[in-house]
Amino acid sequence: MKNYKNLPDDLQSRICAIETVEGVLQKKLNFDVAFEAALKKCAHMDPRDRGFAREAAAQLLRRLGQVDHVLQALSDRPLKKITPDRLVMLLRIAAVQMLFMDVRDHAAVDTSVRLAIALGCVKQKGFVNGVLRSLGRQQKELLEKTDIKSNTPDWLYKTWMRDYGADAAAKIADAHLQPGPVDITIKSSSENQTDWAKRLGGVAMPNGQIRLTKSGFVPSLEGYADGSWWVQSASAALPVQLMSFDEGAHVVDLCAAPGGKTMQLAARGAKVSAVDIARKRLGRIRENLERCNLNAEIEAADGRVWMPKRPVDAVLIDAPCSATGTIRHQPDVLHTKKPGDVQRLIETQSEILQNASKFVRKGGEIIYCTCSLQKSESENVVDAFLKENSAFSLKPYTKDDLPWLPEAVTDQGYIRVLPFHDQENGGMDGFFIARVIRA
């Protein structure tokens, strides 16, 4: 494995960003996996350089369409024909610093030329210098000619237009340009939310969570090690917050990893069966349950066929999906998902929901949710299920269920959170929730 530990710190942070983006675009890796792999090739970077590398990589993945449009306008040849390939990545990382990050133009140009030399592109250093200096002079007018829609794959943008209309689709694409905030769930609802917000440097949210306003290494924050709270997006916390069950009720978290909802259920006194097909990811649930001193039965199994020994009170299905609602946190989704993936996921989602219907007790509820923005993975799956299963009916949500986010409650009684909802407070992850009851 080639490493870059002998490079100066400022060059290491840039090459770390390049390696991360290459991991996503070329190897189709999850963003966090690609970033950790890139870090291993570099010397220990201080928090500032590490944060810079992560931000640069994430910004480029969010803005790749605009960046490439600008660079193409400055190049005398198609970007696809510029060799070596890494030279294009070097220009992209430099451009995203100059266009969308607080980096001085001369600093971005200087580090990029030095990095070109360090990477063996000595003959191309003049080309790099020329393109980036031109960008420094023309960036305002060049950026004005770009279209935010170009950052989103055409097939995905068209889906949003079909599902929500042109205006909402544009707002979704615009919301995805900003990084997602870090939200946390406090273990005990009796603890003082305002006090924790002050101690952690965050703000209290209407749903009882805390939204952090300062960046930093989360595990080093007060209360993490002793299990007083865990990281969980505000949207992902909603399904359990809206459930009603008695203490001791048997609730199955049928697609449990990474475990935030399992911990919510356990903290509220449910007897939880956490089931997931990914055995490795269940290890993370065990670690978090232990850290937070919570209990749940954990089982590695396929949610399409798993059965409990007896009927259960409720089933929570956070179904495997395309995760397009999490793009602000996981910008790799823009570049790793394809239309064929969605169709395969729909089949799996339908099978999991159908299986859950076999073991929920009479009068029990099934909560079906996804972090997908596509109705084909969400509303359509539930609609089809209800048509085929007369023993189940929709128990609609109302605006009284979600008074602080009424725009997320649909006329049909589903909850559909869009990324631009609650934008004044940092926005939300895209999410869908449905509640069906067995007669």
Side-chain angles (χ1 to χ4, degrees), residues 163 189 206-208 234-256 260-262 264-273 275 303 308 310-319 321 325 346 349-418 421 428-439:
D163 287 346
S189 59
N207 67 339
S235 295
L238 289 177
V240 176
Q241 290 175 344
L242 296 173
M243 289 179 72
S244 57
F245 54 83
D246 296 327
E247 186 172 351
H250 188 185
V251 182
V252 174
D253 190 354
L254 197 51
C255 303
K261 298 176 185 63
T262 292
Q264 280 182 285
L265 292 167
R268 283 184 53 186
K271 176 186 176 184
V272 189
S273 295
V275 181
R310 56 186 63 86
V312 303
D313 298 303
V315 185
L316 172 62
I317 304 171
D318 187 357
C321 68
I346 292 170
Q349 293 154 359
S350 300
E351 290 173 4
I352 292 173
L353 181 54
Q354 189 64 47
N355 187 49
S357 71
K358 299 174 183 177
F359 58 80
V360 68
R361 66 168 174 80
K362 293 180 179 179
E365 67 180 17
I366 298 176
I367 306 299
Y368 176 88
C369 55
T370 72
C371 55
S372 169
L373 290 172
Q374 283 75 262
K375 288 188 176 181
S376 59
E377 298 180 72
S378 310
E379 288 92 334
N380 296 0
V381 170
V382 177
D383 289 345
F385 170 80
L386 292 174
K387 287 181 180 179
E388 297 171 3
N389 294 270
S390 59
F392 288 83
S393 60
L394 182 71
K395 184 177 181 182
Y397 291 105
T398 70
K399 288 179 170 55
D400 290 336
D401 292 312
L402 204 59
W404 64 279
L405 199 66
E407 63 268 34
V409 182
T410 72
D411 293 340
Q412 193 174 356
Y414 293 137
I415 289 179
R416 166 53 79 183
V417 184
L418 297 174
H421 285 166
M428 302 281 288
D429 280 357
F431 218 82
F432 168 82
I433 312 169
R435 177 174 56 188
V436 298
I437 303 295
R438 183 170 188 171

Trainee: If you define the side chain from C-beta out and look only at heavy atoms, does anything of F431 sit under 4.5 Å from C371?
Mentor: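 The answer is yes, as the side chains (C-beta and beyond) meet within the 4.5 Å cut-off.
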Trainee: For residues 375-393, which residue pairs qualify under salt bridge (charged side-chain N to carboxylate O under 4.0 Å, His left out), counting only residues two or more places apart or in two chains?
Mentor: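 Residue pairs with at least one partner in residues 375-393: E379-R416.
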Trainee: CD1 of I433 to CG of L238: how many Å apart, nearest 0.5 Å?
Mentor: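 Reported value, rounded in 0.5 Å steps: 5.0 Å.
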Trainee: What are the two closest non-hydrogen atoms of L394 and R435, and how far apart are they?
Mentor: CD1-O, 3.3 Å
Trainee: Output all residues satisfying side chain to side chain contact (heavy atoms under 4.5 Å, CB included) with D429, sequence neighbours left out; order by chain, then residue number.
Mentor: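 Testing D429 for side chain to side chain contact (heavy atoms under 4.5 Å, CB included), a comparison that skips the adjacent residues, returns S233, S235, T326, R328, H329.
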Trainee: Scan residues 235-254 for pairs that pass ring-ring contact (aromatic ring centres under 6.0 Å, His included), counting only residues two or more places apart or in two chains.
Mentor: none
Trainee: Mind checking the CZ-SG spacing from F432 to C369? Nearest 0.5 Å is all I need.
Mentor: 9.0 Å
Trainee: Atom CG of L405 and atom NZ of K399: how far apart are they, to the nearest 0.5 Å?
Mentor: 10.5 Å
Trainee: The criterion is ring pair (Phe, Tyr, Trp, His ring centres under 6.0 Å); which residues satisfy it with F385, sequence neighbours excluded?
Mentor: F392
Trainee: For E365, enumerate each residue passing the salt bridge (Lys or Arg N to Asp or Glu O under 4.0 Å) test, keeping only those at least two apart in sequence or located in another chain.
Mentor: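 For E365, no residue satisfies salt bridge (Lys or Arg N to Asp or Glu O under 4.0 Å) once neighbours in sequence are set aside.
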Trainee: Please find the pair of heavy atoms, one from L242 and one from D401, that lie closest to each other, and give the distance.
Mentor: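 Nearest heavy atoms, L242 then D401: CD2-O, 3.3 Å.
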Trainee: Taking atom NZ of K261 and atom CG of L254, what is their separation to the nearest 0.5 Å?
Mentor: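 Interatomic distance, K261 NZ to L254 CG, rounded to 0.5 Å: 13.0 Å.
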Trainee: Which atom pair, heavy atoms only, marks the closest approach of I317 to A356?
Mentor: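 In this case the closest contact between I317 and A356 is CD1-CB, 3.7 Å.
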Trainee: Walk me through it: do S273 and V312 pass the test side chain to side chain contact (heavy atoms under 4.5 Å, CB included)?
Mentor: CA-CA 10 Å; S273 295; V312 303; over 6 Å; no
Trainee: Could you pull out the closest heavy-atom pair between A408 and H421, with the gap in Å?
Mentor: CA-CE1, 4.0 Å
Trainee: Is a side-chain donor or acceptor of Q241 paired with a backbone partner of N207 at a separation under 3.5 angstrom?
Mentor: yes
Trainee: Just grab all the salt bridge (charged side-chain N to carboxylate O under 4.0 Å, His left out) pairs involving residues 349-362, residues at least two apart or on different chains.
Mentor: R304-E351, D313-R361
Trainee: Show, in sequence, the C-alpha distance, side-chain angles and deciding distance for Y368 and I352, and conclude whether the side chain to side chain contact (heavy atoms under 4.5 Å, CB included) test is met.
Mentor: CA-CA 10 Å; Y368 176 88; I352 292 173; over 6 Å; no
Trainee: Mind checking whether L316 and P239 have side chains closer than 4.5 Å, heavy atoms only?
Mentor: yes
Trainee: Kindly indicate, with the supporting measurements, whether the criterion side chain to side chain donor-acceptor pair (under 3.5 Å) is fulfilled by S378 and T370.
Mentor: CA-CA 7 Å; S378 310; T370 72; 2.9 Å; yes
Trainee: My understanding is that only residues two or more places apart in sequence, or in another chain, count here; which of them pass ring pair (Phe, Tyr, Trp, His ring centres under 6.0 Å) with Y397?
Mentor: none
Trainee: Please report the shortest heavy-atom distance between V251 and A270, naming the atom on each side.
Mentor: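 V251 and A270 have their closest heavy atoms at CG2-CB, 4.0 Å.
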Trainee: With R268, which residues qualify under salt bridge (Lys or Arg N to Asp or Glu O under 4.0 Å), at least two apart?
Mentor: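 With sequence neighbours excluded, R268 shows a salt bridge (Lys or Arg N to Asp or Glu O under 4.0 Å) to no residue whatsoever.
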Trainee: Excluding sequence neighbours, so at least two apart, what forms side chain to side chain contact (heavy atoms under 4.5 Å, CB included) with S390?
Mentor: none
Trainee: Using side chain to side chain contact (heavy atoms under 4.5 Å, CB included) as the criterion, list what pairs up with S376, not counting sequence neighbours.
Mentor: V342, I346, Q374, N380
Trainee: Can you give me the closest heavy-atom contact between A319 and Q349, atom names plus distance?
Mentor: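 That would be CB-CG, 3.9 Å.
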